[in-house]
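We use all heavy atoms of the structure for the numbers below, so side chains are in, but hydrogens, waters and symmetry mates are not. When a residue number appears, it is its place in the shown sequence, counting from 1. Atoms within a ligand are numbered from 1 in the order they appear, just like the ligands themselves.
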Amino acid sequence: MSPLVARPVFTKTGWSRWNEPHIRDAVLLMVFALVTYAAADVYELPPYLLQFALDHPEWELDDLVFVVFILSAAVMTYGIRRYRDVVRENRARIAAEEHARNLALHDPLTKLPNRRFFEERLAANLQAAGAGKRLAVLMLDLNGFKAINDIHGHVAGDKALSEFARRASALLGRDAFLARIGGDEFSIMMPSISSVDEAADLAARIQETVAEPFVVGHATVRLGVGVGIAVAPDDGTRADELVSRADRALYRAKATRPSSARFFEPEMDARIERRVQIERELRAAVEFDSITPHFQPVVSLDGNRIIGFEALARWESADLGSIPPAEFIPVAEETGLIVPLGELLLRRACLEAKSWPKDLTLSFNVSAVQLYDPTFGLRVLAILAQTGFNPRQLEIEITEKALVANIAIAGKVIDQLRQAGVRVALDDFGTGYAALTQLLSLHLDKIKIDRRFVSHLGEGEDNRAIVRAILCLAKGVGLTTTAEGVEDQGQLAYLKASGCEERQGYLFGRAIPAAEIPALLKSRPWNSAVA
Ligand code: C2E
Ligand code: CA
Ligand code: CA
C-alpha cells in the first residue's frame, strides 16, 4: 500500500491538512497565483513582449503570460516534490536493504554476528592478510547450557546466552570479532596476533569470566566453556580449514576436560582420519560378517575349573590390520552399527557355545545403545531360539555406565531376560558412579570388579579396601563376583583370601578362537601352574 493511500487525507480538517504535501502545494500555488495576478503588471513585461502585446490587444497576452507563468511554477513545484519523493524512497529502500542484510548476518538474540557473517569476515581477512601476519580462530562451546534450558526454561537459557555474549564481547580487543554460530557455540576471530599466546590469553580470560555465576531470573547458574584454537597460516590458510581445525581442537579439549582450551595439533587430523577409516571399514565388516567372537576363560574359585568363556569381539581388517574393540566398539556405538554387529556376534557365539559342555557359561557384552531398544530382550531370546542355545547357559554383561544411561528400559530388559533363564552381570563395576540403590533395584546375578581395581591391588591399601568393600556388598545382597584382569599370583592370592568367586585374566588365559577351546578344555589340569 502506498504511503499516500494510507494517509486519511479527507478525514482531516483545518490545520491538520496543512501537513499534507499536496494540499500544501495546492494552497501555496493558489496564493502564489493570487499575489502574482494582483502584482502582475503588463507594462513590466520585457519591451519586445510589451510591444507585441500592445500590437495584439485582442490576444490578451498579459493573461496568457500569467497562465504560462503559473503553470511553470506548478510544474516546478511538482518537479521539486517528485525529486524529494524519489530521494526519500531511495533512502527508505537503502535502509530496508540494510536492515534485511543486518537480520541475515546477525543472531537476533545476542545481536552478535552469525555464522555466515563470521565466515564472510574470516575469508575477507585471510585474503587481506599479509605475509608474516597471524590470524587466530577460536571455537567456543558452553558447558552446562542444556541443563539451564531443561531445568530453568528457555527464557533463562536465552538470558544466559545474552549474558555470555556481553561478557565475552567486553574482553575482545579492538579488532577481534565474536559471532554466535550455533545454539551454545560461539567463535572468535583475532585478525592479527603477534604470538599465539594472545589467543591462549583471550581463551583463559573468557574461561575466567564464564566461571563467574550467571543470574538468570531467580536462579543462579554456572557455566563452563571449552575452547579450540587454530592459527593461520600454520594450521591452514582457508577459512573452512581453520574453522574445522579449531573445531577438532575443541573436540579434543572437551574430551580431556570439558572446560579447557587447546590448540590444534596435526595429530588430531590423523586421529579423525583414522576414525573415518574405521567407520568405513566397519560398515563393510558388518555387512560381510568379518568380525568374530574370541573367548576368554572364566575360572572358578579353586582355580581348577573353567566355568565359562566371555565372548570378546576380534576384528582383523584387510586394510587396517588388527583393530582392538576399545577402538571400534565406540565407533559402532556412535554409528548405531553396534545393533547389527551385536546380533551377528551373539548368533555366532551361541552357535560356537552350543558344542561346549552344558555346565559352561557364555558371557556376552551388551552396549548402552543396544539397551535403548525396549525389544532388545526379545531379540536376544529370538537368537537363542534360532541357534538352539540354552538361555540358562547365557550371561549378558551390561556395564554400569550403560545401566545408568537408561535405567528404566534396562530394568525391563533385564527382567525379560531373567524370566527366560538368562543371567545378567554388571560389568566394570566401580567405574560408572551409579547410585547403589539404583543398582540394587535391578535384578542382577553378578558383579564384575573392574580391571583397574584388580591391577592395582598390590599398590596400596585403597584399592584393596575398595575390592574388599565390593566383595562384602555383593555377598550381602546375594550376588556372585568375578574379578577381571588378574595378571599375577599376588592379585590371585589376595582375591582367593577375600572370597572372590570367579576370576578372569591373562594369568588364566587370553581370548582364543572358538576352534582352540576343545583342546584347552581337554588339557586339564590346564592351569595347574597357577591353581
Ligand atoms: P570388557 O568387557 O571389560 O572386557 C575385558 C577386557 O579386558 C578385554 O579387552 C580383555 O581382553 C581384557 N583383559 C582380560 N584379561 C586381562 C588382563 O589380565 N589384563 C589386561 N590388561 N586386560 C585383560 P578387549 O577384548 O580389548 O575388550 C575391550 C572392551 O571392549 C570390553 O571390555 C568390552 O567393553 C568391549 N567389547 C569387546 N567385545 C565386545 C562385544 O562383542 N560387544 C560389546 N558391546 N562390547 C565389546
Ligand atoms: Ca565384559
Ligand atoms: Ca569389564
Side-chain angles (χ1 to χ4, degrees), residues 278 282 285-286 289-299 306 308-316 322-350 352-353 361-373 376 379-380 383 394-403 405 410 413 423-432 444-458 470 481-492 495 502-514 527 530:
I278 287 187
L282 190 62
V286 171
D289 201 0
S290 47
I291 299 180
T292 52
H294 278 204
F295 300 90
Q296 185 182 30
V298 182
V299 179
I306 292 179
F309 291 90
E310 176 177 359
L312 293 164
R314 293 292 178 262
W315 180 21
E316 197 69 42
S322 165
I323 305 169
E327 199 173 355
F328 72 79
I329 293 285
V331 180
E333 288 174 341
E334 281 167 38
T335 52
L337 282 168
I338 191 69
V339 175
L341 175 61
E343 291 191 4
L344 286 173
L345 285 169
L346 180 62
R347 190 166 285 118
R348 281 181 92 141
C350 287
E352 298 291 356
T361 304
L362 165 67
S363 301
F364 190 82
N365 292 287
V366 165
S367 292
V369 185
Q370 291 168 280
L371 275 184
Y372 288 153
D373 176 5
F376 175 73
R379 285 160 179 267
V380 170
I383 290 173
L394 181 66
E395 185 174 270
I396 293 289
E397 294 191 6
I398 306 177
T399 61
E400 196 180 339
K401 284 194 188 98
L403 275 184
V413 168
R423 269 167 296 156
V424 180
L426 181 59
D427 205 355
D428 302 346
F429 183 69
T431 60
L444 300 166
D445 297 281
K446 182 190 279 186
I447 284 177
K448 293 188 82 167
I449 303 170
D450 191 60
R451 196 167 71 226
R452 84 178 65 164
F453 299 120
V454 177
S455 62
H456 293 115
L457 269 178
I470 297 174
T481 43
T482 305
E484 295 184 312
V486 184
E487 287 182 356
D488 62 44
Q489 298 286 357
Q491 294 161 357
L492 178 66
L495 291 164
E502 299 172 1
R503 286 161 235 140
Q504 200 178 340
Y506 292 168
L507 186 61
F508 312 104
R510 296 182 182 238
I512 51 170
N527 62 343
V530 298

Worksheet item: Between the candidates Q491, E487, Q370, which shows the shortest non-hydrogen contact distance to atom 17 (C) of ligand 1?
Response: E487
Fill in: Selection from D488, L312, V454 by shortest heavy-atom distance to atom 4 (O) of ligand 1
L312
Item to complete: Answer side chain, backbone, both or neither: which part of T399 comes under 4.0 Å from ligand 1, heavy atoms only.
Response: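 The answer is neither.
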Worksheet item: Using a heavy-atom cut-off of under 4.0 Å, does the side chain or the backbone of E310 touch ligand 1, or both, or neither?
Response: side chain
Practice prompt. Starting from the Ca ion (ligand 3), look over the N/O/S atoms of D427 and name the nearest one.
Written response: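 This residue's closest N, O or S atom turns out to be OD1.
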Worksheet item: Does D450 bring an N, O or S atom to within less than 3.0 Å of the Ca ion (ligand 3)?
Response: no
Discussion item. Only heavy atoms of E484, strictly under 4.0 Å: list the atoms of ligand 1 that pass.
Written reply: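 Numbered from 1, ligand 1 contributes 3 (O).
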Worksheet entry | Numbering as shown, the atoms of ligand 1 that approach D428 to under 4.0 Å (heavy-atom distance) |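 Selected atoms, number and element: 3 (O).
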Worksheet item: Looking at the Ca ion (ligand 2), is one of the N, O or S atoms of T399 less than 3.0 Å from it?
Response: no
Discussion item. The Ca ion (ligand 2) and E484: any N/O/S contact shorter than 3.0 Å?
Written reply: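 Short answer: no, not a single N, O or S atom is under the cut-off.
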Fill in: Interatomic distance, E502 atom CD to K448 atom NZ [nearest 0.5 angstrom]
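Nearest 0.5 Å value for the CD-NZ distance: 8.5 Å.
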Item to complete: Flag the pair D373 / V339 as yes when at least one side-chain heavy-atom distance between them is below 4.5 Å, and no otherwise.
Response: no
